[in-house]
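Encoded as structure tokens, the structure appears first; notes follow it.
Reminder, nothing fancy here: chain letters follow the sequence lines and each chain counts from 1.
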Amino acid sequence: MNSKVLSKPFFERGAKIVAKELIGRRLVSRCGGHRAAGIIVEAEAYLPVNDPACHGARGKTKSNAVMFGPAGFAYVYSIHAGHCFNIVTGNVGEPEAVLIRAVEPQLGIKTLKRRRQNDNHRLLTTGPSRLCQAFGVNREQDGIDLTVRRKIWLEDVDYDGEIPVMVSPRIGVTSGESLKLRFVWKNNPYVSGPKKWRT
DNA sequence: CCACGGATGCGCT
DNA sequence: GCGCATCCGTGGA
């Protein structure tokens with residue numbers, strides 16, 4: 001067991017730097033009694049100030065309350081016909097988070113395929129809603145602690161060289177489009193979005 | 001109670 | 001690349 005769980009101090013920083021540094025780390029899920037893991041290849045930052053796309057921008061509500069709490073907790077919300085998985089960052093009282101948009105499947109492929117009812121490897125965890133479905137994440141995980149090995153957690157991963165990270169505008173946001181807050185593992189096949197924002 | 005829209009996904013062209 | 005199915009939280013009546 002040489003894998004290190006990412007702890008509070010890692011997340012108690014700005015969403016932008018956390019999003020960038022999460023590229024290449026490992027996401028592990030034990031939700032639903034089955035183990036699944038993947039390498040994060042795409043993440044977006046949502047900022048506490050000057051970011052109209054952030055859910056916390058128009059104040060605290062029952063469903064986004066976790067965003068205003070301490071870092072290192074899960075903020076899960078439903079959208080369209082699925083869910084999105086976020087990690088709260090920064091200070092208490094300031095709504096900021098990192099949205100995990102895609103991972104490269106690593107462990108529990110059979111589980112991922114069954115939950116997704118799809119054999120296409122690229123469609124298992126590419127996109128925030130697909131990722132949640134594959135990893136068994138739903139609103140029941142809203143507010144859980146991500147810094148302990150319980151339901152979901154994140155682990156450090158060792159690499160020989162630098163990870164090639166590319167920056168782009170965020171996907172699907174209708175406000176704050178000019179902000180370059182999306183980070184991807186350059187040329188990784190499991191990154192979502194238009195090709196010009198993957199390479 | 002009901003209308004509305006969104007950090008989406010799928011199927012079809 | 002594009003249209004539309006789908007669904008739940010939110011806010012106004």
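- Counting any heavy atom pair closer than 4.0 Å across all strands shown, A:Arg58 reaches no nucleic acid atom.
- Here the nucleotide nearest the side chain of A:Arg130, chosen from B:dC10, B:dA7, C:dG9, is B:dC10.
- A pairwise comparison of heavy atoms in A:Pro128 and A:Cys84 identifies CB-SG, 3.8 Å as the closest pair.
- In this structure, the side chains of A:Phe73 and A:Ile144 stay at 4.5 Å or more apart for every pair of heavy atoms.
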Once pairs are restricted to Watson-Crick or G-U wobble with both distances under 3.5 Å, how does DNA chain B read as a dot-bracket string, [ ] for crossings and | for other-strand pairs? ||||||.|||||.

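- Within the nucleic acid shown, A:Gly127 comes within 4.0 Å of sugar-phosphate atoms alone, with no base atom in reach, counting heavy atoms only.
- A donor-acceptor contact under 3.5 Å is not formed by the side chain of A:His80 with the base of C:dA5.
- Cluster annotation: A:Phe183 is not connected to A:Leu47 through the hydrophobic network of ILVMFWY side chains, with a link wherever side-chain heavy atoms come within less than 4.5 Å.
- For A:Ala81, whose side chain is taken as the heavy atoms from C-beta onward, the closest listed nucleotide among B:dT8, C:dC8, C:dT6 is C:dT6.
- Between the side chains of A:Asn91 and A:Glu12, not a single donor N or O lies within less than 3.5 Å of an accepting N or O.
- A:Tyr46 qualifies as a stacking partner of the B:dA7 base, centre to centre under 5.5 Å and near-parallel within 30°.
- Closest to the side chain of A:Ser78, from the set C:dG9, B:dC10, B:dA7, is C:dG9.
- Note: A:Tyr77 and A:His83 fail the aromatic proximity criterion, with ring centroids not under 6.0 Å apart.
- Closest approach to the A:Thr174 side chain among B:dA7, B:dG9, C:dC8 is made by B:dA7 (side chain taken as heavy atoms from C-beta onward).
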